[in-house]
Chemist: 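Sharing a structure here in structure tokens format.
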There are 2 protein chains.
Amino acid sequence: MDEYNKPAITTQALGRMPYYIQQLRMLRNENIDTVSAPKIAELLNLNEVQVRKDFAAISTSKGKPKAGFSVTELITNMENLLGYNNADEAVLVGAGSLAHAILTYEGLKTYGLKIVAAFDINSAYIGTEINGTKVISAEKISDLCRRMKVYIGIITVPASQAQIVCDQLVAGGVLAIWNFAPIRLSVPDHILVQNENLAASLAILSKHLKEKMKYLDLH
Amino acid sequence: MDEYNKPAITTQALGRMPYYIQQLRMLRNENIDTVSAPKIAELLNLNEVQVRKDFAAISTSKGKPKAGFSVTELITNMENLLGYNNADEAVLVGAGSLAHAILTYEGLKTYGLKIVAAFDINSAYIGTEINGTKVISAEKISDLCRRMKVYIGIITVPASQAQIVCDQLVAGGVLAIWNFAPIRLSVPDHILVQNENLAASLAILSKHLKEKMKYLDLH
DNA sequence: ACTTTATCAGTATTATTATATTGATATTGT
DNA sequence: ACAATATCAATATAATAATACTGATAAAGT
């Protein structure tokens, strides 16, 4: 039940878990029951040692030389880590196409999230359902979060409204915010913000490509 | 025109640029023409030194003690860096709600991307338009990419089809791929892949929250 | 003019993450 | 039973990124 003497899992490793899970499930479907770190590394195009370290960080048992790790056990360990069996409830604010994409995203439950309500200010959306989730007037954010004891909020509204929405979520007792608006939210110290910034990824891709193109020009 | 003796910009710094641009534009709108690194750091909740370093990495001129940096100059430098003035053309594959969200995302042009075509296999979508972009049959991916000399591809199809689509893009001469499918694509060495993995972010958020909750329980 | 002060640039330190190396061990094949 | 081998665990090194520190300097106040 506890994890002393375990190398605490790093943020980066955590980010790789979904890839591992996905790959391990594929192997399980092929009735493969043990797998080595080098094999997974090859499949996912990662470093062998990195994979082994990641496995060591989450696995309840050790890998065996020559054989590797138990596929089902790794899956179970990762699922537990990510909260597969006790998904947190979350609310989503903003009912646009991004919200739609999130609500229909199969990964949600797998990685520990269950969206219990969606909010919007646009009366045209209010009362409708998106993939089984009711859209409710944004006025009720604080009230409903508090009453339902929801601790995670997802923000998909435009940048201009993100801070307002954020404040309402915080007022409603939300502790963690998954923010898709391209701004840095200002929150009290104890609130967790995970920014999902398309602009940032795009910037990185664009810059890398420019470097590559420059390089190609010279040769 | 060249940048010797410049600290090369890091990936992380690059990811912060969109936040800086956004903030700097707000300041410009308020007719503020110089700003200090500590001020920006405070507004964006970042470390003062980090901001100064980031500015130093992209700015064509130096900051002045007591005054700070020129707002407009910083904006110009960042826009150039990110390709604001010569946006790359890209194609998008998969016409679902995520594609919709990307196509209507205002940030695109700002950060150097212009989507010239969208592809899908679903005949119900083919021929329609999303926010002004035509949806074309997925059979034509390779051919069209090559003819239009498009070097960036965006993948928003389900995981099961992502590799196939990826191969078609590569066959069409695409050099950089922005991948929203939750798998690690296998590509030739010279192809750039930027993964945008919702599952990974979610995993990180979920884990952090669990730690926080555990901590709160103990007090 | 002089002093104070906010800010800068440059350098040093620390933290985090990734990768390489070394020796041990379980399985396979002879 | 023994040797060969793939893989592991653990430790060491390297790469990357964040933060702290130190001395210099431009602007503002006295």
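Below, chains carry the letters A, B, ... as their sequence lines are ordered, and counting in each starts from 1. Source: prediction; values computed, not measured.
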Chemist: Please tell me which of the listed nucleotides, C:dC8, C:dT27, D:dC8, lies nearest to the side chain of A:Ala37?
Modeler: D:dC8

Chemist: Return yes if the base of C:dT28 and the side-chain atoms of A:Lys66 contain a donor-acceptor N/O pair under 3.5 Å, otherwise no.
Modeler: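 Absent.
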
Chemist: Find the distance A:Lys64:NZ to C:dT28:P and express it as a whole number of Å.
Modeler: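 Answer to the nearest Å: 10 Å.
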
Chemist: Looking at every non-hydrogen atom in both residues, tell me the closest pair between B:Ile204 and A:Leu14 and how far apart they are.
Modeler: CA-CD2, 3.9 Å

Chemist: Taking side chain as C-beta onward, heavy atoms only, is A:Tyr20 less than 4.5 Å from A:Leu46?
Modeler: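 The answer is yes; the side chains approach within 4.5 Å.
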
Chemist: Does CG in A:Leu44 sit with more than 12 non-hydrogen atoms of other residues, nucleotides or ligands closer than 6.0 Å?
Modeler: yes

Chemist: Near DNA chain D, counting only heavy atoms under 4.0 Å, which residues of residues 41-50 of chain B show up?
Modeler: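 DNA chain D contact set from residues 41-50 of chain B: B:Asn47, B:Val49, B:Gln50.
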
Chemist: Any non-hydrogen side-chain atom of A:Asn197 less than 4.5 Å from a side-chain atom of B:Tyr19?
Modeler: yes

Chemist: Can you tell if the side chain of B:Val35 reaches within under 4.5 Å of the side chain of B:Gln23, non-hydrogen atoms only?
Modeler: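 Heavy-atom side-chain distance check fails, nothing below 4.5 Å.
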
Chemist: Can you list, in residue-number order, the parts of residues 12-23 of chain B that come under 4.0 Å of DNA chain D, counting heavy atoms only?
Modeler: B:Gln12, B:Arg16

Chemist: Would you mind reading off the distance between B:Ile9 atom CD1 and D:dT16 atom C1', rounded to a whole angstrom?
Modeler: 15 Å

Chemist: May I have the distance from A:Ile204 (atom CD1) to D:dT16 (atom P), rounded to whole angstrom?
Modeler: 15 Å

Chemist: Given the rule in the side chain to side chain contact (heavy atoms under 4.5 Å, CB included) test, do B:Ile9 and B:Met17 qualify, once you have shown the distances and angles that lead to the verdict?
Modeler: CA-CA 11 Å; B:Ile9 191 159; B:Met17 292 301 152; 3.6 Å; yes

Chemist: Counting only side-chain N and O atoms of B:Thr10, is one of them less than 4.0 Å from OP1 or OP2 of D:dT16?
Modeler: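 No, because none of the side-chain N or O atoms of B:Thr10 sits under 4.0 Å from OP1 or OP2 of D:dT16.
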
Chemist: Report which part of the nucleic acid A:Phe69 touches: base, sugar-phosphate, or nothing (heavy-atom distance under 4.0 Å, all strands).
Modeler: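 Result for A:Phe69 = sugar-phosphate.
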
Chemist: CZ of B:Arg52 versus P of D:dT22: gap in Å, rounded?
Modeler: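 B:Arg52 atom CZ is separated from D:dT22 atom P by 15 Å.
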
Chemist: From the set C:dA20, D:dA9, D:dA17, return the single nucleotide nearest to any side-chain atom of A:Lys53.
Modeler: C:dA20

Chemist: Closest approach to the side chain of B:Pro65, judged atom by atom: which nucleotide of D:dT7, D:dA17, D:dA26 is it?
Modeler: D:dA26

Chemist: Given atom CG of B:Leu74 and atom P of C:dC8, what is their separation to the nearest angstrom?
Modeler: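 That distance rounds to 10 Å.
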
Chemist: To the nearest angstrom, how far is B:Phe55 atom CZ from C:dG10 atom C1'?
Modeler: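 Roughly 18 Å, once rounded to whole Å.
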
Chemist: Could you tell me whether the side chains of A:Gln50 and A:Asp54 share a donor-acceptor contact shorter than 3.5 Å?
Modeler: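 Looking only at side-chain atoms, A:Asp54 and A:Gln50 do not form any donor-acceptor pair under 3.5 Å.
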
Chemist: Round to a whole Å and report the spacing from CG of B:Asp33 to P of D:dA27.
Modeler: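 Whole-Å distance recorded here is 13 Å.
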
Chemist: Just checking A:Lys109: does its NZ atom have more than 12 heavy atoms from other residues, nucleotides or ligands closer to it than 6.0 angstrom?
Modeler: yes

Chemist: First locate atom CZ of B:Arg52, then atom CD1 of B:Ile40, and finally report the distance between them rounded to the nearest 0.5 Å.
Modeler: 12.0 Å

